[in-house]
Amino acid sequence: MFFSDEYFMNAALQLAEQAAEAGEIPVGAVVVSNNRIIGKGYNQTERLQDVTAHAEILAISAASNYLHAKYLTDCTLYVTLEPCMMCAGALFWAQISRLVIGANDEKRGYARIQPSLLHPKTRLVTGILADESTALLTQFFRERRG
């Protein structure tokens, strides 16, 4: 369906595939406002030699630049993997309206920390294309670990 959560998560998955092809952990993210992608990113920590170059951070920066604003109060972030604590903090400060997550991150995801690191007004949706996101991550790590 056009402009559904699945539609935009598919865009994030395509970015995650680009990350995998570049040898990066396959996570992709898009920021959407008024059914339009205004920011996107995929993990680039290896290429940029920057531990903060996570998909979410790059997408937030691109969206903020597009809007000429630091707050993303009317935006949704779609990300293929549950954000880490750093990215959840950035989402808090950006005051993102809505967060849509593909796969959970049982080891490093922000949800392991209580109280929640997300802004209190952020609406959360989980499990959108979770199987596809998980499969991409599993294949990536299987290939690297032999």
Side-chain angles (χ1 to χ4, degrees), residues 1-138 140-141:
M1 183 193 299
F2 206 58
F3 298 141
S4 65
D5 285 343
E6 290 79 10
Y7 173 84
F8 290 114
M9 188 61 78
N10 265 314
L13 266 170
Q14 289 174 4
L15 290 165
E17 289 170 2
Q18 282 184 280
E21 290 167 11
E24 301 278 357
I25 294 174
V27 178
V30 296
V31 176
V32 174
S33 178
N34 296 317
N35 289 324
R36 181 178 190 174
I37 295 174
I38 62 167
K40 58 186 176 179
Y42 60 86
N43 277 2
Q44 296 185 50
T45 60
E46 298 299 328
R47 184 173 83 81
L48 299 176
Q49 291 296 291
D50 179 355
V51 296
T52 68
H54 289 198
E56 301 94 322
I57 300 293
L58 298 173
I60 290 167
S61 293
S64 293
N65 287 335
Y66 178 87
L67 293 173
H68 304 290
K70 64 181 181 178
Y71 298 122
L72 302 176
T73 53
D74 294 321
C75 300
T76 299
L77 176 86
Y78 293 85
V79 62
T80 58
L81 181 65
E82 178 185 336
C84 70
M85 291 176 278
M86 174 185 69
C87 292
L91 291 167
F92 176 93
W93 291 112
Q95 297 181 20
I96 195 89
S97 292
R98 192 164 171 259
L99 172 61
V100 180
I101 299 170
N104 290 331
D105 186 345
E106 299 296 328
K107 292 183 182 176
R108 293 185 179 88
Y110 79 91
R112 309 303 150 258
I113 305 298
Q114 294 299 323
S116 177
L117 298 175
L118 297 179
H119 194 278
K121 292 183 179 177
T122 299
R123 295 183 321 277
L124 178 64
V125 177
T126 60
I128 303 297
L129 301 183
D131 292 342
E132 293 85 344
S133 297
T134 300
L136 186 58
L137 286 157
T138 301
F140 177 82
F141 285 113

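The first residue in the sequence is number 1, and the count goes up from there.
Note: His54 NE2 to Thr52 OG1 = 7.5 Å, rounded to the nearest 0.5 Å. With values rounded to the nearest 0.5 angstrom, Glu6 atom CD is found 8.5 Å from Tyr78 atom OH. One finds the OG1 atom of Thr122 at 10.0 Å from the CG atom of Leu72 (value rounded to the nearest 0.5 Å). Atoms CG and OG, from Asn10 and Ser4 in turn, are 8.0 Å apart once rounded to the nearest 0.5 Å. Note that CD of Gln95 and NZ of Lys121 are 7.5 Å apart. Values are rounded to the nearest 0.5 Å. Atom CD of Glu17 sits about 10.0 Å away from atom CD of Glu132, to the nearest 0.5 Å.
Closest approach of Pro26 and Ala16 over heavy atoms only: CB-O, 3.3 Å. Across Gly41 and Ala55, no two heavy atoms sit closer than the pair O-CB, 3.6 Å. Closest approach of Met86 and Ile57 over heavy atoms only: CE-CG1, 4.2 Å. Smallest separation of non-hydrogen atoms from Val30 and Phe8: CG2-O, 3.7 Å. Smallest separation of non-hydrogen atoms from Lys40 and Leu15: CB-CD1, 3.6 Å. Nearest approach of Met85 to Ile113, heavy atoms of both residues: SD-CG1, 3.5 Å.
In this structure, the side chains of Tyr7 and Val32 stay at 4.5 Å or more apart for every pair of heavy atoms. Side-chain atoms of Ser133 and Ile128, non-hydrogen and from C-beta on, never get closer than 4.5 Å to each other. For the pair Leu124 and Ser116, the minimum side-chain heavy-atom distance is 4.5 Å or more. The shortest distance between side-chain heavy atoms of Thr126 and Leu99 does not fall below 4.5 Å. Considering only heavy atoms from C-beta on, Asp5 comes within 4.5 Å of Val125 through its side chain.
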(Q) Evaluate Thr80 against Leu136 for side-chain contact (heavy atoms from CB on, under 4.5 Å), listing each step before the verdict. (A) CA-CA 10 Å; Thr80 58; Leu136 186 58; over 6 Å; no

Q. Between His119 and Ile96, does a side-chain contact (heavy atoms from CB on, under 4.5 Å) hold up when you go through it step by step?
A. CA-CA 8 Å; His119 194 278; Ile96 195 89; over 6 Å; no

(Q) I'd like to know whether Thr45 forms a side-chain contact (heavy atoms from CB on, under 4.5 Å) with Glu24, so could you lay out the CA-CA distance, the side-chain angles of the two residues, the decisive distance to 0.1 Å, and finally the verdict. (A) CA-CA 7 Å; Thr45 60; Glu24 301 278 357; 3.5 Å; yes

Q: Please step through side-chain contact (heavy atoms from CB on, under 4.5 Å) for the pair Tyr42 and Leu58, ending with a clear verdict.
A: CA-CA 7 Å; Tyr42 60 86; Leu58 298 173; over 6 Å; no

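Heavy-atom neighbours of Phe92 CZ from other residues, nucleotides or ligands within 6.0 Å: above the threshold of 12. By the neighbour-count criterion of 12 heavy atoms within 6.0 Å, atom CG of Asp74 is sparsely surrounded, having that number or fewer from other residues, nucleotides or ligands.
Remark: side-chain polar atoms of Asn104 are not paired, donor with acceptor, to backbone N or O of Glu106 under 3.5 angstrom.
With sequence neighbours left out, the salt bridge (Lys or Arg N to Asp or Glu O under 4.0 Å) criterion links Glu21 to no other residue. Applying the salt bridge (Lys or Arg N to Asp or Glu O under 4.0 Å) test to Glu56 and every residue at least two apart in sequence or in another chain returns nothing. Looking at residues two or more places apart in sequence or on another chain, you find no salt bridge (Lys or Arg N to Asp or Glu O under 4.0 Å) involving Arg108.
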